[in-house]
Protein chains: 2
Amino acid sequence: MVVDTSLSEADVDRLFHALADSTRRDIVRRSLSVEASISELALAYDMSFAAVQKHVAVLEEAGLVTKHPRGRERIVRGNAAAIGTAKALLDKYEEIWRSRIDRLDALLAQHTTEDTSCQSPQSRRTSPRSR
Amino acid sequence: MVVDTSLSEADVDRLFHALADSTRRDIVRRSLSVEASISELALAYDMSFAAVQKHVAVLEEAGLVTKHPRGRERIVRGNAAAIGTAKALLDKYEEIWRSRIDRLDALLAQHTTEDTSCQSPQSRRTSPRSR
DNA sequence: TGTATCTACAACCATTTGGTTGTACGTTAC
DNA sequence: GTAACGTACAACCAAATGGTTGTAGATACA
């Protein structure tokens, strides 16, 4: 699944920062499962309503949650797409790692070739994955 | 791929917090690609050596990077496993989202059944995925 | 209408964060 | 041996973070 990752560095900062708090992660979990008002969410935590309200605001800024007015309430709904975005970002890092391994393998293959026979420019195309 | 996610909430805090800074993310990228000493890394950023040193320490605490002494240098190496751990955590959130959709589908199917015929306790087992 | 509920937001406070400079210490190189 | 290099770490500072209380505006309900 390709996710359009047109995020500024500041956006990514906000995304991971929002995830870097256990209360906020729990709010994400809950609101991904069952949408709830802020006051309903606040009942679950040992802190003031205003504190929970701030956490929801941080999550909303990061795109991990959306708020929808319903009467006097604000219904909080988790946004799975933002989770996908975060995963896509991490995929890029794993890709960097994998290409590094490939480069190392290619280098190793080249050296091995140089040791056994001599310069044969076509080295192994499919480098075996190492550890 | 199943990743053993035996992390405390504080560990997860550290992991995502470490990722919530563009300088640190860049250090992760670099060190996943090419291992480098701290002073080599420091050349790339418009801040003091000590500041980069602190960023590396934060990354090391989070497990995103390891340090290895080589002479007077400390070689920084990115840890792809930690990236995988973070992705596995996010997968759990997506799983919550998916099971919520399944529940909604099941509920909808049940209501539809009740509307068309009358009480038939065995509702559809395989709920169709919606949107 | 009046009251209770839900939310928004400001002001405040303690702690953490992200940066700095300075000093000390082990290692490398001349 | 001495000078230069790479690192560790402490002390300091401004800004951000995570919490609080208090006040005020909408909305629901008796």
Side-chain angles (χ1 to χ4, degrees), chain A residues 8-31 34-79 86, chain B residues 8-31 34-78:
Chain A
S8 69
E9 286 297 293
D11 290 334
V12 182
D13 286 4
R14 271 187 285 272
L15 182 54
F16 284 120
H17 172 253
L19 289 168
D21 180 282
S22 62
T23 300
R24 284 197 291 265
R25 285 193 301 276
D26 197 68
I27 291 175
V28 169
R29 266 188 290 264
R30 286 174 188 270
S31 59
V34 182
E35 62 183 29
S37 70
I38 302 179
S39 53
E40 282 170 345
L41 285 171
L43 293 176
Y45 306 103
D46 187 24
M47 63 183 70
S48 68
F49 168 84
V52 174
Q53 202 176 24
K54 280 192 184 182
H55 281 307
V56 171
V58 170
L59 291 170
E60 192 183 20
E61 279 288 306
L64 282 161
V65 134
T66 52
K67 279 196 303 188
H68 305 88
R70 180 150 76 201
R72 61 186 165 185
E73 294 177 317
R74 295 296 177 275
I75 302 301
V76 179
R77 192 180 304 162
N79 178 19
Chain B
S8 68
E9 286 297 292
D11 291 333
V12 182
D13 286 3
R14 271 187 285 272
L15 182 54
F16 285 120
H17 173 253
L19 289 168
D21 180 282
S22 62
T23 300
R24 283 197 292 265
R25 284 193 302 275
D26 198 68
I27 292 175
V28 170
R29 267 188 289 264
R30 286 174 188 271
S31 60
V34 182
E35 60 183 29
S37 70
I38 302 178
S39 53
E40 283 170 343
L41 286 171
L43 293 176
Y45 307 103
D46 187 27
M47 64 184 71
S48 68
F49 169 83
V52 175
Q53 201 177 25
K54 281 192 184 182
H55 281 306
V56 171
V58 169
L59 290 169
E60 192 183 20
E61 279 287 308
L64 282 161
V65 135
T66 52
K67 279 196 303 188
H68 305 89
R70 181 148 76 199
R72 60 185 166 187
E73 294 177 318
R74 296 294 179 275
I75 303 300
V76 179
R77 193 179 303 163

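Throughout, a chain's letter reflects where its sequence line sits, starting with A, and its residues are numbered from 1. All values below were derived from every heavy atom in this structure, side-chain atoms included, with hydrogens, water molecules and symmetry-related copies excluded.
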5'-most contact on DNA chain D (nearest-nucleotide basis), A:Gly71 vs A:Val58, goes to A:Val58

Rounding to an integer number of Å, can you tell me how far [X] [atom1] sits from [N] [atom2]?
X       : N      : atom1 : atom2 : answer
A:Asp13 : D:dT17 : CG    : C1'   : 14 Å
A:His68 : D:dT27 : NE2   : P     : 18 Å
A:Phe49 : D:dG18 : CZ    : P     : 18 Å
B:Lys54 : D:dA14 : NZ    : P     : 15 Å
B:Met47 : C:dT17 : CE    : P     : 16 Å
B:Phe16 : C:dT16 : CZ    : P     : 22 Å
B:Arg74 : C:dC25 : CZ    : P     : 15 Å
B:Gln53 : D:dG6  : CD    : C1'   : 9 Å

Among D:dT7, C:dG18, D:dT20, which nucleotide has an atom closest to any side-chain atom of B:His17?
C:dG18

Counting only N and O atoms by type, is there a donor-acceptor contact under 3.5 Å from the side chain of [X] to the main-chain atoms of [Y]?
X       : Y       : answer
B:Arg24 : B:His55 : no
B:Asp13 : B:Ala10 : no
A:Arg25 : B:Glu9  : yes

Salt bridge between B:Arg30 and B:Asp26, side-chain N to carboxylate O under 4.0 Å?
yes

Run the salt-bridge test on B:Arg70 and B:Glu35 with the 4.0 Å N-O cut-off and return the result as yes or no.
yes

[N] OP1/OP2 closer than 4.0 Å to side-chain N/O of [X]:
X       : N      : answer
A:Ser39 : C:dT7  : yes
A:Ser48 : D:dT20 : yes
B:Thr23 : C:dG18 : no

Using a 4.0 Å heavy-atom cut-off across all strands, classify A:Arg24 as base, sugar-phosphate, or nothing.
sugar-phosphate

Mapping B:Arg72 and B:Ala50 onto DNA chain C by nearest heavy atom, which one lands closer to the 5' end?
B:Ala50

